[in-house]
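Step one of this worksheet: look at the structure below.
Naming: A, B, ... by sequence-line order, numbering from 1 per chain.
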Amino acid sequence: MDARSLSIDGLPVPFDDGQTIMDASLAAGIFIPHLCHHPQFTPQGSCKLCTVRANGRYVSACTMPASEGMEVESNTPELNDKRRTMLQMLFVEGNHFCPSCEKSGDCLLQALAYELEMLGPHFPQFYPDRPVDASHPDVLLDFNRCILCELCVRASRDVDGKSVFALSGRGIGKHLIVNAESGRLADTDFSLADKAAHVCPVGVIIAKRRGFAVPIGQRRFDGEPISRRVDWLARRRADDEEEQ
Amino acid sequence: MSNSEPSVRPATRRCLATTSLAGCFGCHMALLDIDERLFELIERVDIDRSPLTDIKRCGRCDIGLVEGGICNAENVHVLREFRRQCKLLVAVGACAINGGLPAQRNHLDLGQCLQEVYLTGPGIVHGQVPDDPELPLPLDKVHPVHEVVRVDYFIPGCPPSGDALWKFITDLLDGRTPRLGHPLLHFD
């Protein structure tokens, strides 16, 4: 079959049948901001950070199939303004206190905020009350940082076959729960070897006794902005466990 | 004929004020981290109310740097004075921007906090919740600066580095739109 291509911000980008705009952009090394997408999992288009304009329509790049001649706009001031606003809403809905977070510097939410130059929260803070779950011997769950991307839900269900996590509630009351009578992670068969232990883009699922082994300032996005780590974003499939 | 050099006047001197509200003075320490650039700074600005000058009330200023969030009534008064007197108000650091460390008490009941700290905590004998009328009353919740007054600019970081503060201040003084790119923009 002839090589087919679409354009992203005017650049021709080849794609194969069945690929989404996100698949094609990652393969071509073009950065489109995203949080809930992970190359190993079926895309669900929930975070909306990857919203682009394809032939003039707003679509999620991670779920929209690529098509021949499609004209995609992504890195525009208008779209980046909307993305920044979405990030600000994510930040104020949870308790994202970066200075005390063990994920700081490795966090996709934070890295995107840097990338899109989010300087302040703009909206009033919610300060929700979300107790942590430190019951598991090897893993801490800090729900304060959850952005409801469902990567842990998908990983635990589709890869680990354990369905340890789920989202419960609706609208602003939606939250991450643990599949145990007690609601505690210690009462599940969750293990640090699970795929689900290594896919959280933020700092909810934290391996204990690791803390600041890699000092602040020497972490993944301290050295380079996320837009220059497209290679890493594209090959996360195999590297999550390795890098953890 | 006078042999004096024609005076080289610096560009218009600007006036700067700074304050620390519910913060740890870490952002002020970071400002001192601009090191020898402090000499250049004082060539270009007069410093009004600030912990550096110990001036207690803020006059008309061009730039107001506010460190820390809002945790008590006095913070609110100081912040409103800064907003009234400063043409540009800048929220500096994590606490000013999202409440930061002091805001970690926001999911707790204030009354119970005071009880535990001053009455029922370990090792307390003859405890008493401080009630001197000179002490500012704590607010029920800690708030970031932008929830109380309009804020013109934010400089994130805990604290922002001296380099980030210098870049921001010199951008403003030179008439550029302040911008912190990688790696000056960080939240930790």
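Once rounded to the nearest 0.5 Å, the distance linking CG of B/Leu108 with CG of A/Asp129 reads 8.0 Å. Between the CD1 atom in B/Ile97 and the NE2 atom in A/His122 there is a gap of 14.5 Å [rounded to 0.5 Å]. Atoms CD and CG, from A/Gln110 and B/Asp188 in turn, are 5.5 Å apart once rounded to the nearest 0.5 Å.
For A/Phe221, the part lying under 4.5 angstrom from a heavy atom of chain B is the backbone only. Interface remark: B/Val151 contributes no atoms to any contact with chain A (heavy atom separation under 4.5 Å). The contact between B/Leu101 and chain A is made by backbone and side chain atoms together, counting heavy-atom distances below 4.5 Å. Contact of B/Asn98 with chain A is made through backbone and side chain together, with heavy-atom distances under 4.5 Å. Interface remark: A/Tyr127 contributes side-chain atoms only to the contact with chain B (heavy atom separation under 4.5 Å).
For CZ of A/Arg170, the number of neighbouring non-hydrogen atoms (other residues, nucleotides, ligands) closer than 6.0 Å is 12 at most. The number of heavy atoms from other shown groups lying within 6.0 Å of CD (B/Glu116) does not exceed 12. The 12-atom threshold is exceeded at NZ of A/Lys208, counting heavy atoms of other residues, nucleotides or ligands nearer than 6.0 Å. Counting non-hydrogen atoms of other residues, nucleotides and ligands closer than 6.0 Å to CZ of A/Phe212 gives a total above 12. Few gaps surround CD on A/Glu78; more than 12 heavy atoms of other groups in view lie less than 6.0 Å from it. For B/Arg80, the CZ atom counts as loosely surrounded, since its 6.0 Å shell holds 12 or fewer non-hydrogen atoms of other residues, nucleotides or ligands. The local environment of OH in B/Tyr118 is sparse, with at most 12 non-hydrogen atoms from other residues, nucleotides or ligands closer than 6.0 Å. No more than 12 heavy-atom neighbours from other residues, nucleotides or ligands sit within 6.0 angstrom of CZ on B/Arg57.
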(message) B/Phe187 vs A/Phe97, test: side chain to side chain contact (heavy atoms under 4.5 Å, CB included). Steps then yes/no.
(response) CA-CA 9 Å; B/Phe187 295 170; A/Phe97 179 41; over 6 Å; no

(message) Using side chain to side chain contact (heavy atoms under 4.5 Å, CB included), reason through B/His182 and A/Arg228 one step at a time and then give a plain yes or no.
(response) CA-CA 11 Å; B/His182 184 85; A/Arg228 284 197 232 129; 5.5 Å; no

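Not a single donor-acceptor pair under 3.5 Å links the side chain of B/His186 to the backbone N or O of A/Gly217. Between the side chain of A/Tyr114 and the backbone N or O of B/Pro183, no donor-acceptor pair lies under 3.5 Å. Between the B/Glu147 side chain and the A/Gln125 main chain, a donor and an acceptor come within less than 3.5 Å of each other.
In plain terms, the two heavy atoms of A/Pro121 and B/His146 that are nearest each other are CG-CE1, 3.3 Å. Of all heavy-atom pairs between A/Leu119 and B/Pro156, the closest is O-CG, 3.4 Å.
Ranked by heavy-atom pairs shorter than 4.5 Å toward chain A, the options B/Leu180, B/Val142, B/Ile155, B/Leu185 are led by B/Leu185. By number of non-hydrogen pairs under 4.5 angstrom with chain B, the leading residue of A/Glu224, A/Glu115, A/His96, A/Arg130 is A/Glu224. Ranked by heavy-atom pairs under 4.5 Å with chain B, the first of A/Cys98, A/Pro225, A/Gly120 is A/Pro225. Per-residue counts of heavy-atom pairs under 4.5 Å with chain B were compared for A/Asn95, A/Val92, A/Asp222; the largest is that of A/Asp222.
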